[in-house]
Amino acid sequence: FDPSQMVMLANPLSSDLNAMRMSLLQGMLDTIAWNINRQNTSLKLYEMGYIYKRLDGNGSKEITDNYSETMNLDIAITGDAAPQAWNTPLVPTGFFHLKGYTEMVLERVGINLRKLTVNSFKANYYSDSLQYSFGKTPLATIGKISKKYLGLFDIKQDVFYAHIEWDSLIKIISSHRIVFEELPKFPWVRRDLALLVDSKIAFSQIQDIAFATEKNLLREVSLFDVYENDSLGKDKKSYAVSFILRDDLKTMTDKSIEKVMNSFVSAFTRELGATLR
């Protein structure tokens, strides 16, 4: 991800940026609609700005005492992921493009993604969404804007939107120490599992169980596909999960890799009732 490719496109018809906005989403969608109407349909946008929330139970006459002011970073993508070329098929932007951008921002400022919890998130402007939290502190929400909400702006193509609580992010990393370590000498290996689980199971549960099961060799756990269909069974879904393994003392053998993967399968079966597809 090259941040220079993500730009903020101004809409001359948008409202005054100094207004006390409760969200950056409306202005972002207004800008997207303005660009689409001018045949600029593939967009990667961001905005950093303040939003305001009314504080309950404060009867002060000073207006500044009755509202909170927080800095936020919002990202929106829509259209195609890259320009069309003779040797490259058009690929529409999707949820996992946005997920990658958001996680890269979090990692670049020093957040360890393994220490975050990721759960489903409900809001009337999202059709599908996730929330990243550090303990009880929400850090980011990402998702697909609902067609009903897009209809209010006369947008007929999918829009994926991320909201990052910048002030909360900076507060968490303020006490972080920067640590450097030598590049690994031995190669890592990747293994994938397709896990069939109950629809109520969150990916964060799989991630937590994996790291609790293997504390020495497991480096990363990533979700690269989610599939839901009636053919899977009632209230079931399939997670396609990748595991990055590395031994810093020696090259891993097929036998050692198989042992780790078998332990994962056993743990997922025992604690989540998961089966392999």
Side-chain angles (χ1 to χ4, degrees), residues 1-11 14 24-49 72-109 111 113 116 118 120-121 123 125-132 139-164 166 169 190 192 194 203 220-229 237-242 244:
F1 167 58
D2 181 358
S4 66
Q5 295 179 358
M6 185 167 286
V7 298
M8 183 174 182
L9 300 183
N11 179 356
S14 62
L24 303 182
L25 175 58
Q26 290 82 2
M28 188 79 78
L29 293 179
D30 191 36
T31 298
I32 289 173
W34 188 86
N35 279 273
I36 290 174
N37 290 337
R38 287 154 181 80
Q39 299 181 311
N40 192 15
T41 59
S42 296
L43 305 166
K44 297 183 179 73
L45 311 177
Y46 75 92
E47 180 178 359
M48 289 196 73
N72 298 266
L73 169 62
D74 285 18
I75 300 170
I77 59 175
T78 187
D80 296 320
Q84 186 174 13
W86 68 271
N87 61 345
T88 305
L90 280 177
V91 177
T93 55
F95 182 86
F96 288 100
H97 288 101
L98 182 68
K99 182 175 183 289
Y101 297 157
T102 303
E103 290 184 353
M104 186 168 291
V105 170
L106 297 176
E107 288 185 311
R108 286 285 180 88
V109 298
I111 294 294
L113 296 179
L116 302 184
V118 184
S120 59
F121 177 76
Y125 49 86
Y126 280 133
S127 60
D128 300 292
S129 55
L130 295 175
Q131 182 177 70
Y132 292 78
L139 289 185
T141 57
I142 62 173
K144 181 180 180 180
I145 300 298
S146 68
K147 292 188 180 298
K148 181 179 179 179
Y149 201 80
L150 291 177
L152 299 176
F153 297 83
D154 198 28
I155 297 174
K156 297 180 176 60
Q157 61 188 56
D158 290 339
V159 175
F160 299 88
Y161 184 75
H163 171 75
I164 300 174
W166 193 256
L169 191 63
R190 169 176 166 165
D192 299 338
F203 167 67
E220 296 179 22
V221 181
S222 300
L223 176 67
F224 63 91
D225 190 32
V226 179
Y227 179 69
E228 294 185 75
N229 191 283
K237 62 182 174 183
S238 174
Y239 282 130
V241 185
S242 67
I244 302 297

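- Nearest approach of L45 to T31, heavy atoms of both residues: CD1-CG2, 4.1 Å.
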Inset, instruction - Show the numbers, then the answer: is there a side chain to side chain contact (heavy atoms under 4.5 Å, CB included) between I111 and L116? - result: CA-CA 8 Å; I111 294 294; L116 302 184; 3.7 Å; yes

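- For A82, there are no side-chain contact (heavy atoms from CB on, under 4.5 Å) partners, not counting sequence neighbours.
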Please list every donor-acceptor pair under 3.5 Å in which a side-chain atom of residues 139-154 meets a protein atom from a residue at least two apart or in another chain.
| from | atom 1 | to | atom 2 | distance (Å) |
| --- | --- | --- | --- | --- |
| S146 | OG | Y149 | N | 3.2 |
| Y149 | OH | Q26 | NE2 | 3.1 |
| D154 | OD1 | K156 | NZ | 2.7 |

Inset, instruction - Show your working on side chain to side chain contact (heavy atoms under 4.5 Å, CB included) between I32 and I155 and close with a plain yes or no. - result: CA-CA 8 Å; I32 289 173; I155 297 174; 4.0 Å; yes

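- The shortest distance between side-chain heavy atoms of Y161 and L24 falls below 4.5 Å.
- Side-chain atoms of K99 and Y101 include no donor-acceptor pair closer than 3.5 Å.
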Inset, instruction - Start with the C-alpha distance between H97 and I77, add both sets of side-chain angles, then the distance that settles side chain to side chain contact (heavy atoms under 4.5 Å, CB included), and finish with yes or no. - result: CA-CA 9 Å; H97 288 101; I77 59 175; 3.8 Å; yes

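- The distance from atom OG of S129 to atom CZ of F95, rounded to the nearest 0.5 Å, is 7.5 Å.
- In this structure, the side chains of F121 and Y126 come closer than 4.5 Å at one or more pairs of heavy atoms.
- Residues M28 and D74 form a side-chain contact, since some pair of their non-hydrogen atoms from C-beta on lies under 4.5 Å apart.
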Inset, instruction - Could you please spell out the steps behind the side chain to side chain contact (heavy atoms under 4.5 Å, CB included) verdict for F160 and I75? - result: CA-CA 8 Å; F160 299 88; I75 300 170; over 6 Å; no

